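Shown next, in structure tokens, is the structure this report addresses.
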Protein chains: 2
Amino acid sequence: MASQAEPAPEPRIPLSRDRVLRAAVGIADEHGIGALTMRRLAEVVGAEAMSLYYHVSNKEALLDGIAEVIVQEINDIVDQLDVTGCGWKKAVRQRILSAREVLLRHRWAPGVFETRTTGNPALMRYHDGLIGLMRDGGLSNDLVHHALHALGSRALGFSQELFDPGTGPASGADTRAGLAGLEGQLPNLVGMLMEVAHDEPDSTLGWCDDQVEFEFGLDLILDGLDRLRQTA
Amino acid sequence: MASQAEPAPEPRIPLSRDRVLRAAVGIADEHGIGALTMRRLAEVVGAEAMSLYYHVSNKEALLDGIAEVIVQEINDIVDQLDVTGCGWKKAVRQRILSAREVLLRHRWAPGVFETRTTGNPALMRYHDGLIGLMRDGGLSNDLVHHALHALGSRALGFSQELFDPGTGPASGADTRAGLAGLEGQLPNLVGMLMEVAHDEPDSTLGWCDDQVEFEFGLDLILDGLDRLRQTA
DNA sequence: ACCTGAACACCGTTCAAGT
DNA sequence: ACCTGAACACCGTTCAAGT
């Protein structure tokens, strides 16, 4: 006969800051950032909640930590990109879209980034590389500085939408029916949505494709910067 | 002799959804969004915490409500703007910068907007007006749609910064001293900051002026859209 | 209809104590 | 050094009860 079943052999592995952060990222990935509590994190890691405080000073520091883990994941990818001789715009574009792919695997991350106030070393390294690509492309430090502000969170691969008028379980037809009732109050918005929705009647991603829109906005900014570079 | 002192005559005024929301905005304005708890809000309004649930179904609804109050404040202002015959770009620019002024009085609002998922009627009215200005300027519905995505939160007058390398109580000199130690790891970032900081040695608003940068990014986008309008 | 008291489930966190 | 149990102060919220 086998020996008595031991239900949780996992806690054998000693706790560490790294293991705590990875577990926290796992919880956020699987159940959303709202599910990330100290007690639940402790449970996943096979310890008591209070043990976590030995490896991470408090929850704010935990959030700082997982934000940095994600940016490190981004850095690992973009640092391997080969962008020699393809123009600064294409190089920057590729770097940003690669970062975006990482964020699409950690959809809670943008929300966490926005709440972090303390400097994130990995984020600084990311920006350092981005600045380098622009400098190599001939942009002045002054223009690069403006560029970083203009890009904002887009530099890291995301841009939060303020509202999504087409969201929800409603199909395109339902959406259009619901819109009809608002036509009196919101003539321009309804008119636009009717036309845009009609343009892509069976788009899988709904009335607008976020990836397409992200790239539109990104290119609009990059093209504008390139034009300023030329006139300078 | 006067009658016995009654310490709190305020609770005479009956509760109402409107009063609750205004009090909530007041708390957030004065003490930050973190100070807005149901218990504290009840105290300010002269009632028990549970009474609030009669006027607002839960805290999420409360946040939805105060977000809408702020957008209404914006609408009240931008609806009075006279932009007849000044070109779509200037009209849009003026509308957005006016919205921004409201947000500068409620600095917690952007953070709340980003967490709201349900449709905000006042926000839809705001966008309806914005769309109208663009349509009048000759932009197609398709281009206007792209424009709204490209602008993102900038349409409402804010753009969150991912990090601010020059933030803190450090003076320009202190910042530059601290940067020197990082020059090896972050050559491009440090190089840029040294030069930009030097350009405006005594800028009151620190190493970069947010309002200037906001307008730079806004104009970059508006100019790009106008160029697309012309070629279309 | 409007408001409340007591109670519940859940947070993050402190602190003294264990090995 | 690393981990824990008990406890504290604070959340949002339910529910039955008051007027």
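Reminder, nothing fancy here: chain letters follow the sequence lines and each chain counts from 1. Computed from heavy atoms alone, side chains included, the values below leave out hydrogens, waters and symmetry copies. Owing to the predicted nature of the structure, the values given are computational and were not obtained by experimental measurement.
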task = Just do the side-chain contact (heavy atoms from CB on, under 4.5 Å) check on A:Q211 and A:E215 with the steps written out, would you?
result = CA-CA 6 Å; A:Q211 180 69 25; A:E215 295 186 19; 2.8 Å; yes

Where chain B begins and ends its contact with DNA chain D, read 5' to 3' at 4.0 Å from heavy atoms = D:dC11 to D:dT14

task = Write down the partner of C:dT4 under the Watson-Crick or G-U wobble criteria, each distance required to be under 3.5 Å.
result = D:dA16

ask   = Which part of the nucleic acid, if any, lies within contact of A:S51, taking any heavy atom under 4.0 Å across all strands shown: a base, the sugar-phosphate backbone alone, or nothing?
value = base

query = With the threshold set at 4.0 Å, does a side-chain nitrogen-carboxylate oxygen contact exist between A:R116 and A:D64?
reply = yes

ask   = Which is true for A:M50 with a 4.0 Å heavy-atom rule: it touches a base, it touches only sugar-phosphate, or it touches nothing?
value = base

request  = Work out which heavy atom in A:L123 is nearest to a heavy atom in B:L162; give both atom names and the distance.
outcome  = CD2-O, 4.1 Å

task = Search all heavy atoms of B:V25 against all heavy atoms of B:I70 and return the closest pair with its distance.
result = CG1-CD1, 4.2 Å

ask   = So is B:R95 actually on top of B:Y126's ring, under 6.0 Å and inside 45° of the axis?
value = yes

request  = Would you mind telling me which residue lines up with the more 5' stretch of DNA chain D, A:H55 or A:R39, judged by nearest nucleotide?
outcome  = A:H55

ask   = Is the closest side-chain heavy-atom distance between B:E114 and B:F158 below 4.5 Å?
value = yes

